[in-house]
Structure formats: structure tokens, C-alpha cells
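The structure appears below as C-alpha cells.
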2 protein chains.
Amino acid sequence: MELLQILECSPPLAREPLDAEQAAGVARVFKALGDPVRLRILSIVASREGGEVCVCDITGAFELSQPTISHHLKVLKDVGLITSERRASWVYYRLVPETLGELSALLTAPATV
Amino acid sequence: MELLQILECSPPLAREPLDAEQAAGVARVFKALGDPVRLRILSIVASREGGEVCVCDITGAFELSQPTISHHLKVLKDVGLITSERRASWVYYRLVPETLGELSALLTAPATV
DNA sequence: TGTCTATATTGACATACATCTATTCCGGCT
DNA sequence: AGCCGGAATAGATGTATGTCAATATAGACA
């Protein structure tokens, strides 16, 4: 089952308990967000005017090796938070806003009455 | 610095890149959410009428040892997602909706124009 | 005081993960 | 074809993490 589909059919945490399968799917995405480097990469991609970021731009923002950045990009891509497209020698990444939106909805807190 | 404060002053991912300190703080919370058992525990606590869950209720919902559940509760508590209160022999956990709300806001996707 | 129940802590262990170096893959260029 | 630069993959390594059994702690009650 696709991860985005799991997110779509998972109720907000505050509405009813997740079943084991939903929890496993959702946890994969949160785990991807549970690393400071990946969070910064995602925020760079998500906040970019035009929506596209070249890998070289990301690599330049960190004091980490190129393979490490590549690894983190793969993790984010595998859970459906970003997509990639190769053009000539460069690979461009962009956000998948639907995934982020589903996550946000999942975390919507109950009305503080 | 308190984790909730870091969440409060961190811009939505899609607005501007997180700095290293913000990312480290936010990542701690997402890492706590990055485990299926903890997600299910949190959803049990968050969706409970009355807001309180006894540890024994949680333990009964999993085929895991009591120390393991206790460990996961501590992780969720350490990042400010839940709080605990002891009354007589029992310990009750409840959601901290502010933390969940801050996280949700952080993930708010950019307007899909 | 002693015992019983509920929860937390400790210590051990196997697995997962972040990072690096070395290498490979892919396009463009000469 | 051969080379070069950008990016991905493979393999290695130290550290973090999820789990358990054993033990400790806290409170109720006899």
C-alpha cells in the first residue's frame, strides 16, 4: 500500500487510535522527519521559490559529504515527501505538498474547549 | 531551551529554512513520533474521552512488556507531547495539545496555487 | 512492618541508522 | 570513444534505539 494512501485514511491522532498498520505507515514518515539534517533539507526544498532545488545547492548548505546528503534525499523521497527529476547533469528535488498536508492534518490537536 | 519554545519560534517548513538549532529541536519531537508503538500510544491518549489514560490501559493494548511501554511513555513525555500525574497507585497520562498543534502548524503545506 | 500491585529504572543485546571513503552511474563535451 | 562533473550506490564503522528480564520504587492496605 502506498504511504500517501495510508496517510489519507489515517484519522487524526486525537480522533481515534491508529491501528497497527496505519501506525507503521505514519511512523515511517515521521521517522524520516526525525533527523535534523533531513528537516533542514526539507525546509530548504519546501521554502524555495519556484519549488525546485538542485542537489548541489543542498550539499553546499551543509558540512556533510555528498553521499550523506544523497542518502538523506533518498529517505525523504522514499516516504513521499519529495520527488526528483533529472535534467542534464543535475537532479532537482521538489516538495510533495500533499504528503506534508496529510501529516499536518493528522496532528491537528483537539479543540481546547 | 524548552522544546515547546523551539517549536513556537520555528517557522513553517514551507516558509523559510530552519536553522540548525531549530532543526535539532524539532527533529527530537518527530523522532519521538517515528515509532509505530509510540504513535499508537499517543493516539490512544489523544483520543481518550476525558483526556486521561492509565498506564495499565495502554499496556493492555500491546503485546509488549510493561518496561517497554514505560520506556515509550518516557520518550513521549521527554519531548513534551504528554504529561503524567500519579494518583494513588496509578499513573495517568494526558496529551499536551499545544505541542501537537505547534507541530501541525510547522507542517502546514504551502498553498497549492 | 510487611506484602501486594502498579510503574519506573537498570543492564544487556540485537538491530537500525548516520556518516564516511571508494566506486559506479549518467549526461554532456571534445 | 574518451573524459569530466554531478549524483547515486556499496561497503564499513561507530553510535543510537527498541526490546526484554531483573530489579527498584511508590503507594495502599493489612
Side-chain angles (χ1 to χ4, degrees), chain A residues 3 18 20-21 23-45 48 52-94, chain B residues 3 18 20 23-45 48 52-79 81-94:
Chain A
L3 262 188
L18 297 176
E21 187 189 359
V26 177
R28 281 189 56 205
V29 186
F30 281 129
K31 185 178 285 188
L33 293 177
D35 179 274
V37 174
R38 283 198 291 270
L39 267 183
R40 291 178 66 192
I41 292 177
L42 189 67
S43 70
I44 289 172
V45 174
R48 181 58 143 255
E52 279 189 344
V53 186
C54 174
V55 174
C56 53
D57 292 331
I58 301 173
T59 307
F62 297 88
E63 309 232 329
L64 291 168
S65 69
Q66 174 267 318
T68 296
I69 298 296
S70 192
H71 161 71
H72 286 307
L73 286 168
K74 180 171 164 46
V75 173
L76 290 171
K77 185 179 173 182
D78 283 346
V79 300
L81 281 166
I82 57 178
T83 55
S84 70
E85 182 191 355
R86 172 158 222 139
R87 288 206 303 276
S89 290
W90 297 272
V91 176
Y92 297 88
Y93 283 84
R94 40 170 78 238
Chain B
L3 263 188
L18 298 175
V26 177
R28 279 189 57 203
V29 186
F30 280 128
K31 184 179 284 187
L33 293 176
D35 178 274
V37 173
R38 284 197 290 270
L39 267 184
R40 292 178 65 193
I41 292 177
L42 189 68
S43 68
I44 288 173
V45 174
R48 181 60 142 257
E52 280 189 343
V53 186
C54 174
V55 174
C56 54
D57 292 331
I58 301 172
T59 307
F62 297 89
E63 308 232 330
L64 291 169
S65 70
Q66 174 267 318
T68 296
I69 299 296
S70 190
H71 162 70
H72 286 305
L73 285 168
K74 180 171 165 48
V75 172
L76 290 171
K77 185 179 172 181
D78 283 347
V79 299
L81 281 165
I82 57 179
T83 57
S84 69
E85 182 192 354
R86 172 159 223 140
R87 289 206 303 276
S89 291
W90 296 274
V91 177
Y92 297 89
Y93 283 85
R94 41 170 79 237

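None of the values given here were measured: they were computed from a predicted structure. Lettering of chains follows the sequences in order, A, B, ..., and the numbering in each one begins at 1.
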Using heavy atoms to find the nearest nucleotide of DNA chain C for B:P67 and A:L64 separately, return the residue whose nucleotide is more 5′. B:P67
Presence of donor-acceptor pair under 3.5 Å, side chain of A:Q66 and base of D:dA8: yes
OP1 or OP2 of [N] less than 4.0 angstrom from a side-chain nitrogen or oxygen of [X], does that happen here?
X: A:Y92; N: D:dG6; result: no
X: B:R38; N: D:dG18; result: yes
X: B:T68; N: D:dT19; result: no
X: A:K31; N: C:dC17; result: yes
X: B:R86; N: D:dT25; result: no
X: B:S89; N: D:dA28; result: no

When you get a sec, tell me which of D:dG18, C:dA8, D:dT19 is the closest nucleotide to the side chain of B:H72? D:dT19
Of the candidates C:dG27, C:dC20, D:dC20, the side chain of B:S65 sits closest to D:dC20
State, with a plain yes or no, whether a side-chain heavy atom of [X] is found less than 4.5 Å away from one of [Y].
X: A:I58; Y: A:V45; answer: yes
X: A:R48; Y: A:D57; answer: yes
X: A:L33; Y: B:L33; answer: no

What integer distance in Å separates B:L33:CG from D:dG18:C1'? 16 Å
Nearest-nucleotide check on DNA chain D, A:H71 vs A:W90; residue mapping nearer the 5' end is A:W90
